[in-house]
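What follows is a set of notes on a single structure, which appears directly below.
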Protein chains: 2
Amino acid sequence: MDTTDRNAAPDSPLGLRERKKAATREAVHRAALRLTVEHGLDQVTVEAIADEAGVSRRTFSNYFATKEDAVLWGEEQQAATLLRSVAERPAGEPPWTALRAALRTLEPGPVSPDRETITRTRLALRHPSLLGRQLATHAGLEQDLARVLTGRGVEPRRSRVLAAAFLASLRTTMRTWVESEHPAELLDLADEVLRLMSLPFDEAPRGDRQA
Amino acid sequence: MDTTDRNAAPDSPLGLRERKKAATREAVHRAALRLTVEHGLDQVTVEAIADEAGVSRRTFSNYFATKEDAVLWGEEQQAATLLRSVAERPAGEPPWTALRAALRTLEPGPVSPDRETITRTRLALRHPSLLGRQLATHAGLEQDLARVLTGRGVEPRRSRVLAAAFLASLRTTMRTWVESEHPAELLDLADEVLRLMSLPFDEAPRGDRQA
DNA sequence: TGCGCAGTGTGCAAGTTTGCACACTGCGCA
DNA sequence: TGCGCAGTGTGCAAACTTGCACACTGCGCA
């Protein structure tokens, strides 16, 4: 049906069926994001999103329960990807290093972490209903991250602290990014914030608290 | 799924389902044409066409019985469109005028009559199996055209002559076009050929034989 | 000649999308 | 207050696609 190429990379181990499902979900998500940015969440109907995505209203419901779900799907997607990436870091790697490294792997995901993440964040700041969900997702991710770190041998309480610090850094990064309209790479900015977070709080920024 | 827009024109009275079917058929046809041009008909497998079009091998078979069918579908499509256009010309219009006018309506069809028609024609000239089918389609069209003209009140034998002359003109046009690699508009060239066809054969090109 | 193999056509079950019907909600308005 | 109406969620049947199995053909090669 698609008139343009969606083949390109023959590297996918997934079957045609699964690739098309992913593409549909992705298309609906992008349509939701696009229309919400343009008209505001309340002015956008499920039907409009479905039309924009090229699917029926019924199919929209097959993928997402609500508009908010569709808009924020990338959020959960990124969370899941990040979680997986951390879990897949080499076993011996110190936790903070693993977290920073995992962040780098977000790039090639189905959702580009630059334009789209900032769009979602701005939408969340504008729409309370989105913000709540976004924070909830973040909170869930924090729990999961801590669990993963514990699974890697980190002491439980320390895992929670690290996960909290890491996500707090990301929120700080996003806040800075959104406010400054900075053209810098999001991931570079995040790296800098993470570095600052890892320094001793009461000393001049020279030592390294990590590991 | 498709990641690019295939909505654009909301003018379609067709439902989503039919539009997607048409898009799939179109995509398979284009894929077949593209690959055949690139590698030659014999080097192209049904599976490769299906992949290129983004559908399964089974789905290819749901739309076309053979590779040749897929490549030449535009041919039959154009024939059907032309036939419909002639039938829809105003009742009082003289037959030759109606034929010329109908030809003009081919443009907005799903198959652009320029780049794609010439491609098909060249392929047909290169592949005997395609040529046979193309000629068969043409022959069928000639019958149908004559029938339509008769339906418009033209005397049967005259209908057949007119249809034959018209299609002969089109073949001549295509031959000229293909050989000259002419940058002129295909339809303009066709018009000129049709004008020549309508002139008295044994006189200087001044009088007008039509109607 | 016979074997293996790529390509093809087709039946069938399972998965996906569509279209439609119906119920329900929230909101403006008489 | 009650009515109408747009938007939404969901069940269901029909339509479409996929994946797989199986049979068949044509071709190269031992």
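A, B, ... follow the sequence lines: proteins, then strands. Residue 1 opens every chain.
Between the side chains of B/R25 and B/Q77, no donor N or O sits under 3.5 Å from an acceptor N or O.
Summarising the geometry of A/L14 relative to A/R19, their closest heavy-atom pair is O-NE, 3.5 Å, with the distance given to 0.1 Å. Contact detail for B/R100 and B/L194: the closest heavy-atom pair is CG-CD1, 3.7 Å. The two residues B/V86 and B/R152 come nearest to each other via the heavy atoms O-NH1, 3.4 Å. Contact detail for B/A190 and B/L170: the closest heavy-atom pair is CB-CD2, 4.4 Å.
At a cut-off of 3.5 angstrom, the base of D/dT17 holds at least one donor-acceptor pair with the side chain of A/R17.
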Could you pull out every donor-acceptor pair under 3.5 Å between side chains of residues 136-151 of chain B and any protein atom, sequence neighbours left out?
residue, atom, partner, partner atom, Å
B/T137, OG1, B/R133, O, 3.0
B/H138, ND1, B/R171, NH1, 2.9
B/D144, OD1, B/R147, NH2, 2.9
B/T150, OG1, B/A146, O, 3.0
B/T150, OG1, B/S159, OG, 3.0

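DNA chain C lies under 4.0 Å from no heavy atom of any residue of residues 39-49 of chain A.
Taking atom CG of residue A/N62 and atom P of nucleotide D/dC12, one finds them 14 Å apart after rounding to whole Å. Nucleotide C/dG15 holds its C1' atom 12 Å from the CG atom of A/L16, rounded to whole Å. Here the P atom of nucleotide C/dG15 and the CZ atom of A/R19 are 19 Å apart, to the nearest Å. In this entry the distance linking CG of A/D51 with P of C/dG19 reads 10 Å, nearest Å. To the nearest angstrom, P of D/dC16 lies 8 Å from CD of B/E18. When rounded to the nearest whole Å, the span between CD of A/E68 and C1' of D/dG9 equals 14 Å.
Residue-to-nucleotide proximity on DNA chain C shows that, of A/K21 and B/F64, the 5′-proximal contact is made by B/F64.
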Once each nucleotide of nucleotides 20-26 of chain D is scored for protein heavy atoms under 4.0 Å, what B/S/- sequence comes out, 5' to 3'?
BB-----
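Under the salt bridge (charged side-chain N to carboxylate O under 4.0 Å, His left out) criterion, the residue pairs touching residues 84-99 of chain B are B/R89-B/E93, with sequence neighbours excluded.
Remark: A/K67 is not in phosphate contact with D/dG7, judged by side-chain N or O atoms under 4.0 Å from OP1 or OP2. The phosphate of C/dT17 (OP1 or OP2) has no side-chain N or O of A/T59 nearer than 4.0 angstrom. Side-chain nitrogen and oxygen atoms of A/Y63 include at least one within less than 4.0 Å of the OP1 or OP2 phosphate oxygen of C/dT17. Checking the phosphate oxygens (OP1, OP2) of D/dT17, no side-chain nitrogen or oxygen of A/K20 falls inside 4.0 Å.
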Once pairs are restricted to Watson-Crick or G-U wobble with both distances under 3.5 Å, how does DNA chain C read as a dot-bracket string, [ ] for crossings and | for other-strand pairs?
||||||||||||||||||||||||||||||
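When each of B/K21, B/H29, B/E26 is paired with B/Y63, the side-chain contact (heavy atoms from CB on, under 4.5 Å) condition holds for B/K21 and for no other.
Panel note: side chain A/K20, backbone B/G54; a donor-acceptor pair is recorded below 3.5 Å. Between the side chain of B/T66 and the main chain of B/D69, a donor-acceptor pair closer than 3.5 Å is present.
The distance from atom CG of A/L130 to atom CD of A/E75, rounded to the nearest 0.5 Å, is 10.0 Å.
Legend: residues meeting salt bridge (Lys or Arg N to Asp or Glu O under 4.0 Å) with A/E18, ordered by chain and number and at least two apart, are absent.
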